[in-house]
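All ligand and atom numbering here is 1-based and tracks the order in the structure. Computed from a predicted structure; not experimentally measured.
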Amino acid sequence: MDRKDEILNQLKSIIDPDLNQDIVSLGFIKKLEINDEGSVAFDLELTTPACPVKEQFRADCEKVLLELPWVTRVTVALKSSRAKSALTNAGKGLADVRFIIGVASCKGGVGKSTTAVNLAFSLAEKGATVGIFDADVYGPSLPTLIDVEFNGLYQKNQLIIPVEYQGVKLMSFAYASANTGGGPAIMRGPMVTQVINQLLTGTDWGELDYLVIDMPPGTGDTQLTLSQLIPMTAAVIVTTPQQLSFVDVVKGIQMFDKLKVPTIAVIENMSYFICDECDKRHNVFGTGSMRKLVEQFGFSNAFSLPIDADISNISDAGIPYVIEKPDSPITKIYKDITDSVIREVSKIAYSEERQPEVSLASENRISYRAGDSEIAYIDSSTLRLACRCAGCINEMTGEQIVESAAIPDDIAAEQVTPMGNYAVSVSWSDGHSSIYPYDMLTELMSTV
Ligand code: ADP
């Protein structure tokens, strides 16, 4: 084995816990250089500079390579892959923005803006470049939440220069309307979306890893149109613990689902209260709704934040809570939320880059190829039997209604079309159509 292979072999023992694959197969090792004295240097190219385990990766690389007797020195440069901005066509201002995270809620006053701000500043604290766009034209709160000196907006090269606070770029309708004398916005739906879109794409965001969007509350037409206009990578939904809010969250998840924007975390804000006197946690509204959400949607990223006077006092003073109270247990929760967002977005970025190719093949089969692996085939009847549509699956029990005997002998897939970034749709010769998420196809392929 030559030295390069020896190095790669050792590095293969390091597994990315989120992508469940080794860092060599994931293509993270770039520009590997080995000199005659046994000095090894390479770039470790991660999907985000805010990767929560980047230092652990670096330490693991050094450890496993120094186990080789000839290696004298290891230099690992942490890089993040900037090669692809999914938003290159989304308008000049967004051309170098890598990921857009929409923070949404189904009602006003649940703490959506507070959460968006703390998420953004926690992302920045982890080394990412971040912006916040306040898309809530009816009640823009960014100027209240962040107390920054503001002397009016100006343009450069036809783009508006955003306001900045501690390295995070900020834009709000409130800044734009201050230029024209301020006052509340009296606008109807179509105008709202137009104004928001202009401000979003007309701002000079520059190179950003994450743009956090504080969405207007609700799941109506305005929100739907906006979500169609803004090329969101993922959504975070903020709610409160009452039973009634549960119904709203489901509506929110369904709205984003329709647009193929995955909801990556749900945050139950003002969920409990910790009493000063007894230091006990009081779940004023019970804990049932959150449990239901986790069970129904399989959310692994569900978080609860307490109701806490400091959150509102510090926010009202115009300072992000996570900056003012870096060591508090509540900041720890914001950090956990942030880590889960980073992880989920990385997974999305990775799967987009490596979407399998699925197409019709001869002999009534479908071909499937993931990354550099060999082409695999699945026959039409097996694929049809795996259909999870409402007509084929009992929604209550999750069990298959259609049995293999009920699938026509001559059933054939007639068309395979990608649907968004996560699934393919298959049209069948008997008029049926099915949707198969790539994850499910990958699993199915491993069993045939
Ligand atoms: P939204 O964006 O959903 O309208 P905001 O983020 O503006 O809500 O929050 C509404 C009010 O609630 C603000 O005064 C804010 O300081 C306060 N608030 C938000 N989260 C909490 C919390 N966990 N504990 C106490 N007050 C909170």
Next on the checklist: Show me, by chain and number, every protein residue that has a heavy-atom distance under 4.0 Å to ligand 1.
Outcome noted: G108, G109, V110, G111, K112, S113, T114, N269, M270, P306, I307, D308, I311, S312, S315, D316
Checklist entry - For S427, what residues pass the side chain to side chain donor-acceptor pair (under 3.5 Å) criterion, not counting sequence neighbours? => result none
Next on the checklist: Side chains of T48 and S80: any donor to acceptor distance under 3.5 Å?
Outcome noted: no
Item to check | Donor on one side chain, acceptor on other, S328 and Y321, under 3.5 Å | outcome: yes
Checklist entry - For K30, does the NZ atom have more than 12 heavy-atom neighbours from other residues, nucleotides or ligands under 6.0 Å away? => result yes
Item to check | For K63, side-chain contact (heavy atoms from CB on, under 4.5 Å) partners two or more places apart | outcome: E67
Item to check | Pairwise side chain to side chain donor-acceptor pair (under 3.5 Å) hits with a residue in residues 156-169, at least two apart | outcome: none
